[in-house]
Amino acid sequence: MPELPEVETVVRELRHLSGDQFDSLKVHWFKTVGGEEKLFKSKLLNKPITRVFRRGKYICFSFANKVILTIHLRMTGKLIFSLSEKDQKHCRVEFGLKKNKALYFVDIRKFGRMQLWEEDHLLPDLGPEPLEKDVVYNALLEYKGKKEIKKVLLDQKILVGVGNIYADEALFQAKINPNSKFDRISKKRIAALSDAIPKILRASINNMGTTLSDYRTTKNIGGENQNYLKVYGQTGLPCVVCDSTIKRLIVGGRSTHYCPVCQKK
DNA sequence: CCTTAGTCCTGCATGC
DNA sequence: TGCATGCAGGACTAAG
């Protein structure tokens with residue numbers, strides 16, 4: 001499932017579209033564009049793309065008319081420049097480009113969403129970016145609730161970009177039990193977590209993201225970071241630190257992986 | 001204000 | 001083999 005490192009990888013591969021423009025738009029699944037096909041066409045077609053960037057887990061295209069298109073890949077979405085026969089079946093939206101090959105949005109589970117925004121009101125409810133240790137630390141200290149730490153990390157209003165995989169990996173690195181209530185965790189541990197999050201995300205960006213099933217870059221290839229996961233999806237395997245067996249539990253309805261010895265409450 | 005449950009979706013793994 | 005069931009989950013909405 002695409003989280004910050006996966007979206008960042010995709011965005012880096014899309015930056016060259018800056019200066020180009022969409023000259024056609026075909027919508028094959030209306031919900032992907034919130035049923036707004038006509039509006040999308042009127043706002044986007046033949047408008048120069050000025051910038052491609054990322055905000056949290058959203059891919060953002062800025063246009064010369066001050067409109068921003070956001071694309072959220074959710075679980076199985078991908079953006080690719082050529083369609084295999086198998087992908088064709090799941091193609092939800094296609095963008096014709098004036099200077100480049102067409103861009104296809106392929107999404108098996110149809111959870112992915114595109115939205116239009118005015119430049120000055122983009123994604124107002126998102127928390128800060130988590131790539132700097134100090135920013136993460138301050139964002140976490142600002143949270144005054146008592147939820148389980150795993151839920152806090154998944155809350156995009158507190159901090160953006162962290163999803164199920166990197167939440168588990170960061171909590172392992174910081175030796176924090178995913179079920180620990182936020183207000184019961186020491187400042188020292190929160191500092192360790194603030195250190196772990198940017199490091200883990202940056203390492204994954206360097207590995208082109210984590211491919212467990214569906215995530216692909218625009219070249220339709222997987223990332224490599226799945227080879228470096230220490231707890232996510234490692235249930236039943238030995239902990240790389242203490243050799244205990246990695247366990248799985250549910251926190252906030254999400255599958256959660258941890259070492260019961262390294263991450264005691 | 002809070003937390004929890006339900007919703008959207010399809011492919012794949014599992015069990016009988 | 002075939003069919004039914006359940007699970008995966010990010011963000012949003014509704015209910016309590």
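Labels below follow one simple rule: chain letters A, B, ... track the order of the sequence lines, proteins then strands, and each chain is numbered from 1.
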side-chain hydrogen bond (donor to acceptor under 3.5 Å, both in side chains) test vs N164(A) passes for just one of K150(A), E169(A), E3(A), namely K150(A)
Using the side-chain hydrogen bond (donor to acceptor under 3.5 Å, both in side chains) definition, which of the options D107(A), N220(A), T217(A), T218(A) pairs with K78(A)? N220(A)
Would K219(A) and E13(A) count as a side chain to side chain contact (heavy atoms under 4.5 Å, CB included) if you check the C-alpha gap in whole Å, the side-chain angles of each, and the deciding distance to 0.1 Å? CA-CA 9 Å; K219(A) 294 168 183 134; E13(A) 293 186 359; 3.8 Å; yes
When the distance from [atom1] of [X] to [atom2] of [N] is rounded to whole Å, what number comes out?
{"X": "K78(A)", "N": "dG10(C)", "atom1": "NZ", "atom2": "P", "result": "19 Å"}
{"X": "E6(A)", "N": "dG9(C)", "atom1": "CD", "atom2": "P", "result": "14 Å"}
{"X": "M114(A)", "N": "dA11(C)", "atom1": "CE", "atom2": "P", "result": "16 Å"}
{"X": "E3(A)", "N": "dG10(C)", "atom1": "CD", "atom2": "C1'", "result": "10 Å"}
{"X": "L126(A)", "N": "dC12(C)", "atom1": "CG", "atom2": "P", "result": "8 Å"}
{"X": "I158(A)", "N": "dG10(C)", "atom1": "CD1", "atom2": "C1'", "result": "15 Å"}
{"X": "K31(A)", "N": "dT13(C)", "atom1": "NZ", "atom2": "P", "result": "14 Å"}

Between R113(A) and K86(A), who's closer to the 5' end of DNA chain B by nearest nucleotide? R113(A)
For H90(A) and for R74(A), locate the closest nucleotide of DNA chain B by heavy-atom distance; then report the residue assigned to the nucleotide nearer the 5' terminus. R74(A)
Classify the nucleic acid contact of [X] as base, sugar-phosphate or nothing, counting any heavy atom under 4.0 Å across all strands shown.
{"X": "K157(A)", "value": "nothing"}
{"X": "Y166(A)", "value": "nothing"}
{"X": "Q156(A)", "value": "sugar-phosphate"}
{"X": "T76(A)", "value": "nothing"}
{"X": "M1(A)", "value": "sugar-phosphate"}
{"X": "K146(A)", "value": "nothing"}

Testing the 3.5 Å rule here: is there a donor-acceptor pair between the side chains of N65(A) and K43(A)? no
Any side-chain N or O of Y215(A) under 4.0 Å from OP1/OP2 of dG9(C)? no
Along DNA chain B, 5' to 3', what are the outermost nucleotides having an atom less than 4.0 Å from a heavy atom of chain A? dT3(B) to dG11(B)
Would you check, one step at a time, whether the test side chain to side chain contact (heavy atoms under 4.5 Å, CB included) holds for L212(A) with M1(A)? CA-CA 8 Å; L212(A) 293 169; M1(A) 47 235 104; 4.0 Å; yes
Nearest-nucleotide wise, let me know which of R109(A) and Q115(A) is further upstream toward the 5' end of DNA chain C. R109(A)
More 5' along DNA chain C: L123(A) or N164(A), using each one's nearest nucleotide? N164(A)
Please give the nucleotide sitting opposite dC9(B) as a Watson-Crick or G-U wobble pair, both distances under 3.5 Å, or none. dG9(C)
Do F22(A) and N46(A) come within less than 4.5 Å of each other through their side chains, counting heavy atoms only? no
For the residue pair V231(A) and C259(A), what are the closest heavy atoms and their distance? CG1-N, 4.3 Å
Closest heavy-atom contact between P128(A) and V135(A)? CB-CG1, 3.7 Å
